[in-house]
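The structure appears right after this line, and notes come after that.
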Amino acid sequence: MVPFLDLQRSFDALRPEIEAAVATSLASGRYIGGPEVTGFEDAFARYTGAAHCIGVGNGLDAIRLVLDALGIGAGDEVLVPSNTYIATWLAVSQCGATPVPVEPDPVTHNVTAAGLEAALTPRTRALIPVHLYGCPAPIDDIVALAGAKGLFVIEDAAQAHGARWKGDRIGHHGHAATWSFYPGKNLGAFGDGGAVTTDDPDLAARIRLLGNYGSHERYVHDVQGVNSRLDPVQAAILSVKLAHLDAWNARRGDIAARYTDAFAETGLTLPAPPKVADPVWHLYVLRHSDRRHLQDWLSQQGIQTLIHYPCPPHKQAAYATGAVLPIAETLADQVLSLPIGPQMTDSEVTRVIEAVTAYPGV
Ligand SMILES: *Cc1c(COP(=O)(O)O)cnc(C)c1O
């Protein structure tokens, strides 16, 4: 069996370092905040090129805290991709605003500035592009559009740790970028975690305040905040893993390159990142009109695949509005994610390639 992603291997690869970091954190006597958290925040800010990093509880909270800190709420519209993971939409709903779906470019699966512009109304306050599957959306065009229209840009970078657009790391182009450290992400904790990066010191301070009970000083509450903080044990683990992120992303890139080479003649629709993007291959997503048969075939060959995502947010019971979004619906019917991960062996990659190229349906 070739697993889709084997998280245990990423622990095994760094076991002594991670065990030492966890032991140090547990022995420190600081179980909320403290040096493990600030150490990771500083390192991750430096890594992304942003001036500030604020650790939070998870990736959903990260988006929601930015929206709250920007004063976005009831009566406001926020543009979100139609084909994203539902967290992007939920964050907008939780702050009382309305998520307005924008269809992606069917080749890159990412929203474009033109697509966003067509969805603007007088109520639009913010744009949330998602760097889906680890491939950056055209962030310079999106930031230019937002600048011209007086809108905020929040980058949902939950799948894009280390990705670059025109050579420049994602994490500081918009007003803020939001991160998830869910275990399966390229930089994953061994539990939940998240962060916001931003160049704006006032926004950073406001997010920190909101995520810590609206309190800048113990028992002094300036606003009605929430409890959403990065756990120090997770921060210690993330600091260990951050030092390996570039090497692990490079390994993902090698696997993606092997797939793309091997499948060139198959007739499958392959990922097609823009030339100016350096994706980090959180996922390697194919498209095939008969996805179910391809998935069954691969499963029979011992290859585990997943679907990101089988049902777009507007078709979920949580959002069933009757909206028709044909690109999101077609992608949901056709996408298939192949195994990819930094600890995949060369022979596993070969097995995936042999199984896909032997598929009789393409
Ligand atoms: C994983 C993910 C999130 C949510 O992150 P959590 O840490 O699970 O809350 C948000 N947006 C996207 C695009 C994601 O992939």
Side-chain angles (χ1 to χ4, degrees), residues 1-10 81-86 103-110 130-135 159 184-186 248-275 277 279-316 324-362:
M1 182 76 187
V2 179
F4 179 75
L5 175 67
D6 187 344
L7 290 174
Q8 184 120 34
R9 290 188 204 176
S10 72
S82 58
N83 61 325
T84 183
Y85 180 59
I86 197 168
E103 290 269 64
D105 175 333
V107 175
T108 64
H109 299 212
N110 273 327
V130 176
H131 304 302
L132 198 68
Y133 309 150
C135 181
Q159 304 187 357
K185 308 293 187 184
N186 287 37
W248 288 11
N249 282 342
R251 173 66 183 154
R252 289 174 179 270
D254 290 344
I255 297 167
R258 277 193 68 193
Y259 284 163
T260 295
D261 261 13
F263 304 149
E265 309 296 323
T266 57
L268 293 162
T269 305
L270 304 179
K275 285 220 161 46
V280 288
W281 299 101
H282 174 58
L283 298 171
Y284 188 94
V285 178
L286 299 170
R287 278 178 68 184
H288 185 44
S289 54
D290 199 359
R291 187 253 324 274
R292 186 214 265 272
H293 278 110
L294 175 58
Q295 186 173 38
D296 287 349
W297 165 266
L298 291 174
S299 170
Q300 285 155 23
Q301 313 298 308
I303 312 294
Q304 186 190 13
T305 58
L306 295 177
I307 295 166
H308 299 90
Y309 298 92
C311 176
H314 73 282
K315 299 284 247 182
Q316 300 280 355
V324 177
L325 295 162
I327 299 178
E329 290 164 27
T330 303
L331 292 177
D333 286 343
Q334 297 188 347
V335 290
L336 186 69
S337 305
L338 296 185
I340 194 162
Q343 278 80 35
M344 233 181 129
T345 65
D346 287 336
S347 66
E348 286 175 326
V349 178
T350 302
R351 282 189 52 206
V352 174
I353 288 171
E354 285 172 357
V356 171
T357 51
Y359 176 58
V362 284

_Under a 3.5 Å distance rule, please check whether Gln301 uses its side chain to pair with a backbone N or O of Ala355 as donor and acceptor._
no
*Under the 3.5 angstrom rule, does the side chain of Gln295 hit a backbone N or O of Leu336 as a donor-acceptor pair?*
no
*In terms of the angle between their ring planes, are Tyr359 and His288 parallel, tilted or perpendicular, with boundaries placed at 30° and 60°?*
perpendicular
*asked:* Taking the side chain as everything from C-beta on, heavy atoms only, tell me whether Trp248 gets closer than 4.5 Å to Val280.
replied: no
_Heavy-atom pair with the smallest gap, counting every atom of Ala256 and Tyr284_ = O-CE1, 3.6 Å
_Return the OG to CZ distance between Ser289 and Arg292, rounded to the nearest 0.5 Å._
14.0 Å
*Would you say the side-chain atoms of Gln159 pair up with the backbone N or O of Lys185, donor to acceptor, closer than 3.5 Å?*
no
*So do the side chains of Thr108 and Pro274 get within less than 4.5 Å of each other, counting heavy atoms only?*
yes
*asked:* Quick one, Leu7 with Leu5, criterion side-chain contact (heavy atoms from CB on, under 4.5 Å). Give me CA distance, side-chain angles, the key distance, then yes/no.
replied: CA-CA 6 Å; Leu7 290 174; Leu5 175 67; 3.8 Å; yes
*Taking only residues two or more places apart in sequence or in another chain, which ones pass salt bridge (Lys or Arg N to Asp or Glu O under 4.0 Å) with Arg291?*
none
*Rounded to the nearest 0.5 Å, how far does CG of Asn110 lie from NE2 of His131?*
8.0 Å
*Phe263 CZ: over 12 foreign heavy atoms closer than 6.0 Å*: yes
*Please determine if Asp333 and Arg287 form a salt bridge, counting it only when a charged side-chain N lies under 4.0 Å from a carboxylate O.*
no
*Does the ring centre of Phe4 sit less than 6.0 Å away from the ring centre of His308?*
yes
*Roughly how far, to the nearest 0.5 Å, is OH of Tyr309 from CG of Leu132?*
6.5 Å
*Sequence neighbours excluded, which residues qualify as salt bridge (Lys or Arg N to Asp or Glu O under 4.0 Å) partners of Glu348?*
Arg9
_For His109 and Tyr133: C-alpha separation, side-chain torsions, deciding distance, then whether ring pair (Phe, Tyr, Trp, His ring centres under 6.0 Å) applies._
CA-CA 9 Å; His109 299 212; Tyr133 309 150; 5.5 Å; yes
*Residue pair Trp297, Ile303: steps toward the side-chain contact (heavy atoms from CB on, under 4.5 Å) verdict*: CA-CA 9 Å; Trp297 165 266; Ile303 312 294; over 6 Å; no
*Donor + acceptor pair across side chains of Glu103, Ser82 (<3.5 Å)*: yes
*asked:* When you measure from the side chain of Thr84 to the backbone of Pro81, do you find a donor-acceptor pair of N or O atoms at a distance under 3.5 Å?
replied: no
*Taking it one step at a time, do Ile340 and Leu338 satisfy side-chain contact (heavy atoms from CB on, under 4.5 Å)?*
CA-CA 6 Å; Ile340 194 162; Leu338 296 185; over 6 Å; no
_I need the Ile255 CD1 to Trp281 CH2 distance, nearest 0.5 Å._
11.5 Å
*Work out which heavy atom in Ala262 is nearest to a heavy atom in Thr357; give both atom names and the distance.*
O-CG2, 3.8 Å
*Might you point out which heavy atoms bring Pro342 and Arg251 nearest each other, and give the distance in Å?*
O-CG, 3.2 Å
*Side chains of Leu286 and Thr269: does their closest heavy-atom pair fall under 4.5 Å?*
no
*How many angstroms lie between CG in Asn83 and CG in Asp105, if you round to the nearest 0.5 Å?*
10.0 Å
*Looking only at non-hydrogen atoms, find the nearest pair between His282 and Arg252 and report the distance.*
O-NH1, 3.3 Å
_Do His293 and Asp290 pair up side chain to side chain, a donor and an acceptor below 3.5 Å, judged on atom types alone?_
yes
*asked:* Looking at every heavy atom in both Pro339 and Met344, which two are closest together, and how far apart are they?
replied: O-SD, 3.6 Å
*Do you know the tightest heavy-atom contact between Pro106 and Leu331?*
O-CD2, 4.4 Å
*If you round to the nearest 0.5 Å, how far is CG of Leu325 from CD1 of Ile327?*
9.0 Å
*Are Thr305 and Leu294 close enough, and set up right, to give a side-chain contact (heavy atoms from CB on, under 4.5 Å), and what steps lead you there?*
CA-CA 10 Å; Thr305 58; Leu294 175 58; over 6 Å; no
*Flag side-chain contact, heavy atom, 4.5 Å: Val2 against Gln304*: no
